[in-house]
Amino acid sequence: MQEDILNIINKKRLKQELSKEELEYAFIGYLNNKIENYQMSSLLMAICINGMSLRETVDLTDIMLKSGTVLDTSKIKGIQVDKHSTGGVGDKTTLIIGPILASLGLKVAKLSGRGLGLTGGTIDKLESIPGIKLSYSNDEFIKNVNKVGFALMEQTKDLAPLDKVIYNLRNATGTVASIPLIASSIMSKKLAVGAKYILIDLKVGSGALLQTEQEAKELASTMIKIGKSYDKVVIPVLSQMDTPLGDNVGNALEVIEAMEVLKGKKGHLRDLSIELSSVLFAKATNIGLKDAKKKVNEVLDNGQAYKKFVEFVENQCGSLDKIQVSQELKDVLSDKEGFIEKISAKKIAEVSLNLGSGKKKLSDKINYGVGVVLKKQISDYVKKGDVLAQIYQDVKCDYSNEVLDAFKIVKEIKNK
Ligand code: URA
C-alpha cells in the first residue's frame with residue numbers, strides 16, 4: 001500500500017500521466033485517511049509544478065464530484081444559475097450577485113469555500129454574521145433555495161467532500177496556484193450543485209491566484225471543457241485583481257460593504273457586480289445584455305436586492321444587527337502629495353492576513369472583525385497627511401508602513 005502512493009508521487013514528479021485508478025487511489029485514499037497529509041502534500045506539489053493533462057483534470061474533477069452526492073436539481077423550481085470567483089482580495093461580489101439574481105426570479109444555489117492563500121472566502125465572510133448557519137443537508141439546502149431564491153452553504157460530507165479536505169491542505173502547503181487543481185476544485189463544487197449556467201469570474205493580477213491573463217485564459221478553457229463534458233454552460237469573465245475590489249478587506253468589513261452596495265453605494269464593486277449579474281442573467285434567460293442590465297439596475301435601485309440579502313441571512317439564522325468589527329482603529333496617512341496610481345491588492349491582503357482575517361495554517365483561528373478599509377482609491381488626489389486607509393485591529397501591532405507601502409503615489413498619472 002505504502003509503495004503504491006510513493007509510485008504515484010514519483011510518476012507525477014517525473015511528469016508522467018496518472019490513470020484515473022491511480023488518482024482515485026491517492027485522492028479517495030486521502031479522504032478515507034489511508035494516505036497521510038505529508039504524502040498528499042507531496043503529490044499536490046508535484047501536480048503544482050508539473051501540471052496535469054486535460055484527461056487527468058477531468059478525471060480528478062469526476063473523482064471529487066463522486067466523492068459525495070449530487071443535488072437533485074429536479075426539486076429546484078425555476079432556472080438554476082451559479083457563480084464562482086477564482087478568488088481575490090476584497091471580492092464580496094457573491095453577496096451582491098446572489099440577491100440580485102434571486103430578486104430577478106432565478107435560483108442561486110451556491111456552495112462556497114473559505115479563504116485560500118491571500119484571497120478571502122465567502123464562507124469566512126458570512127461567518128462574521130453571528131448565528132449564521134452555513135451547513136445543511138441537501139434537502140434543507142434545496143428548501144432554502146426554493147424559499148428565498150438564494151441559498152449558500154459550505155461543502156458538506158455530502159457535496160464534494162474531497163474538495164473540502166484538499167482545499168484546506170492546499171491552503172496550508174503552498175499548493176494553491178495550479179490550473180488543474182483550481183479547475184477541478186471549482187468545477188466539482190459547481191457540478192455537485194447542478195446549475196446549467198455557471199459564471200466564472202477569473203481574477204488576474206497580484207492579488208489573485210493567477211498572475212497573468214494567459215493563465216486565466218488557460219483556466220477558462222479547461223473549465224469550459226470540463227463543463228461541456230457534463231452538458232453545462234460555463235461563462236468565463238476575466239477581471240483584474242491588482243487593486244482590492246471595493247474599499248473593505250476583511251470578513252465583517254466586507255459583509256458591511258456588500259450591504260452598502262446593495263443599498264446604493266457606487267463604484268467599481270457595484271459596476272462589476274452589475275456586469276457579472278447581467279452577463280449571467282442574459283445567458284440564462286436568453287435575453288439581450290442591454291435588457292438584462294436594465295433589469296439588474298432596477299432591482300438594485302428599488303431596494304429589492306437588498307431586501308433579498310436580508311431575507312437570505314435571516315433564513316439562514318444570521319443576525320445582521322450583531323455583526324461586529326474590531327474597535328481599535330489606526331489611520332494610515334499619506335507621506336506625500338499626488339495622485340494614487342496603484343494600490344497593491346497583494347500588500348493589503350498580506351496585512352489583513354497578518355491581522356488574522358485568514359488562516360496561515362490549518363489550526364489558526366480567524367478574527368472576523370479585523371481588516372483594512374481604503375479611504376482613497378486609484379486616481380484620487382491626496383495631500384501629505386491625508387488618511388489613505390484605516391486598519392481595524394484587535395491587538396497592539398503596527399502595520400501602517402506596510403499599508404502605506406501598498407499605495408503608489410505619483411505627481412502625474414499616465415494613461416488615466
Ligand atoms: N476557488 C475554489 O473553490 N477552489 C480553488 O482552488 C480556487 C478558488
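One-based numbering, in listed order, for ligands and for the atoms of each. The residues of the chain are indexed from 1 along the displayed sequence.
In terms of N/O distances under 3.5 Å, ligand 1 is approached by His84. Taking any N or O of Thr86, backbone or side chain, none lies under 3.5 Å from an N or O belonging to ligand 1.
Of the possible donor and acceptor atoms, one in the side chain of Lys308 sits under 3.5 Å from a partner among the backbone N and O of Val148.
Within the set Gln155, Lys189, Lys190, the minimum heavy-atom distance to atom 3 (O) of ligand 1 is found for Lys189.
No side-chain donor from either of Asn248 and Lys92 sits under 3.5 Å from a side-chain acceptor of the other. For the residue pair Ser400 / Lys330, no side-chain donor-acceptor distance below 3.5 Å is found, with atom types taken as modelled. There is a side-chain donor-acceptor pair under 3.5 Å between Glu215 and Thr212. Defined by atom type and a distance below 3.5 Å, a donor-acceptor pair is missing between the side-chain atoms of Ser357 and Asn251.
Closest to atom 4 (N) of ligand 1, if we only count protein heavy atoms, is Ser185 OG, 2.6 Å.
Counting heavy atoms under 4.0 Å from ligand 1, residue Asp163 does not touch it at all.
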